[in-house]
S.K.: 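The structure follows.
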Amino acid sequence: MRADRLVSLVLLLRRHGRLSAARLARELEVSTRTVLRDIEALSAAGVPVYAERGRHGGFALLPGFQTELTGLNHDEALALLVAGSRRGAQVFGLGSALASAMLKVADALPEGHRDIAAGAARRLLIEPETDLLSRRAPAEEVPDAVAAEIRRAVFAGHRLRIRYAAVDQAPKWRTVDPIGLVTARGQGYLLAARSGEDRTYRLSRVLAAEELDEPAERPDDVDLDRAWQERSTRFRTGGDQVVVLVRMNPARRKELVDTALAVLAEESDEDGRLRLEVSFQDARHAVWALWQLGVSAEALAPEWLRASLRDRAVAIAARYET
DNA sequence: GTATGGGTAGGTGGATCCAT
DNA sequence: ATGGATCCACCTACCCATAC
């Protein structure tokens with residue numbers, strides 16, 4: 001308890017410069033007497049804290065004194081700020097602990113970089129509640145150089161040229177106004193605007209990226225959580241969704257539900273198997289999800305899905321026959 | 001017994017006010 | 001401009017209470 005308070009005391013002095021014992025006592029929720037004892041302990045431990053007596057006096061640290069409390073480098077501190085900057089108070093009831101940790105992380109950043117880091121943190125969103133697509137796919141690698149270039153443009157507020165390989169299309173260069181970065185279920189996404197229209201790009205499909213000198217056309221502030229939810233909703237309700245009737249082993253229900261967009265109906269057969277009506281983003285998504293379940297599930301409808309799975313199975317069987 | 005924390009009292013010293 | 005009075009904040013030295 002006391003060690004924790006001593007750390008807090010040093011951080012307070014670092015952040016505010018000079019503080020009176022009374023003010024420190026209020027901040028730390030102890031008596032001034034205890035503050036004086038703590039100051040003495042710090043001094044004995046070699047922390048260069050000194051007292052300015054008289055009116056407007058107080059305690060301060062020698063200029064230039066740097067704590068090495070976290071051992072974090074700039075990027076590590078930024079990563080923690082991003083992770084802790086949203087929904088922090090609800091994190092397993094550890095809101096106050098998180099706030100204290102954030103104070104330490106912010107303190108680890110060099111003077112003048114804190115505002116930049118805070119701005120950068122607002123442009124990153126880690127694992128939001130809603131997903132663009134509930135498909136549980138393996139995390140795809142994004143080359144470091146590409147990711148770093150995109151990140152720089154997002155943070156600096158500069159336009160970005162990306163060579164993007166959209167599904168079933170040849171890669172093309174396009175210039176976008178980056179808004180923020182989101183990760184959901186191991187996938188990274190770039191939220192951007194192109195000619196004023198919202199666009200979402202999957203990072204793993206960005207083959208190359210180039211930060212431009214010109215400023216991006218985007219609002220100064222952004223609520224990434226909300227922006228992501230809006231796009232996610234649009235994505236779910238648009239497109240060529242398909243509805244599939246599945247009969248399956250209940251033990252693998254979760255796998256299917258996790259990958260589907262929504263469960264529309266559900267009932268049990270008399271033999272213990274489940275009958276589910278689920279929706280998928282598109283035909284490819286449905287085929288992929290059912291194929292993953294192998295013989296544990298059978299698509300009863302639509303017929304084209306049964307045909308597609310049958311063709312795949314036949315092709316695989318033919319391959320191994322010889 | 002030790003660590004921690006609260007309270008009190010008297011002292012010190014810098015800043016400010018104000019009369020001279 | 002100067003010096004004394006006053007205010008404010010830290011310094012030091014006690015004592016006591018509580019938890020472990």
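Letters A, B, ... are given to chains in the order of the sequence lines, protein chains preceding strands, and every chain is numbered from 1.
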S.K.: When you measure from the side chain of A:Arg306 to the backbone N and O of A:Ala301, does any donor-acceptor pair fall under 3.5 Å?
M.R.: no
S.K.: Can you tell me how far P of C:dA9 sits from CG of A:Leu24, to the nearest Å?
M.R.: 12 Å
S.K.: Starting at CG of A:Leu36 and ending at P of C:dA13, how long is that distance when rounded to a whole Å?
M.R.: 13 Å
S.K.: Output the single nucleotide from C:dA9, B:dG5, C:dT12 whose closest atom is nearest the side chain of A:Asp38.
M.R.: B:dG5
S.K.: Please state how far atom CD1 in A:Ile39 lies from atom P in C:dC11, giving the value in whole angstrom units.
M.R.: 8 Å
S.K.: Is there a donor-acceptor pair closer than 3.5 Å between any side-chain N or O of A:Glu211 and the backbone N or O of A:Glu149?
M.R.: no
S.K.: Between A:Arg218 and A:Pro178, is there a donor-acceptor pair closer than 3.5 Å when you use the side chain of the first and the backbone of the second?
M.R.: yes
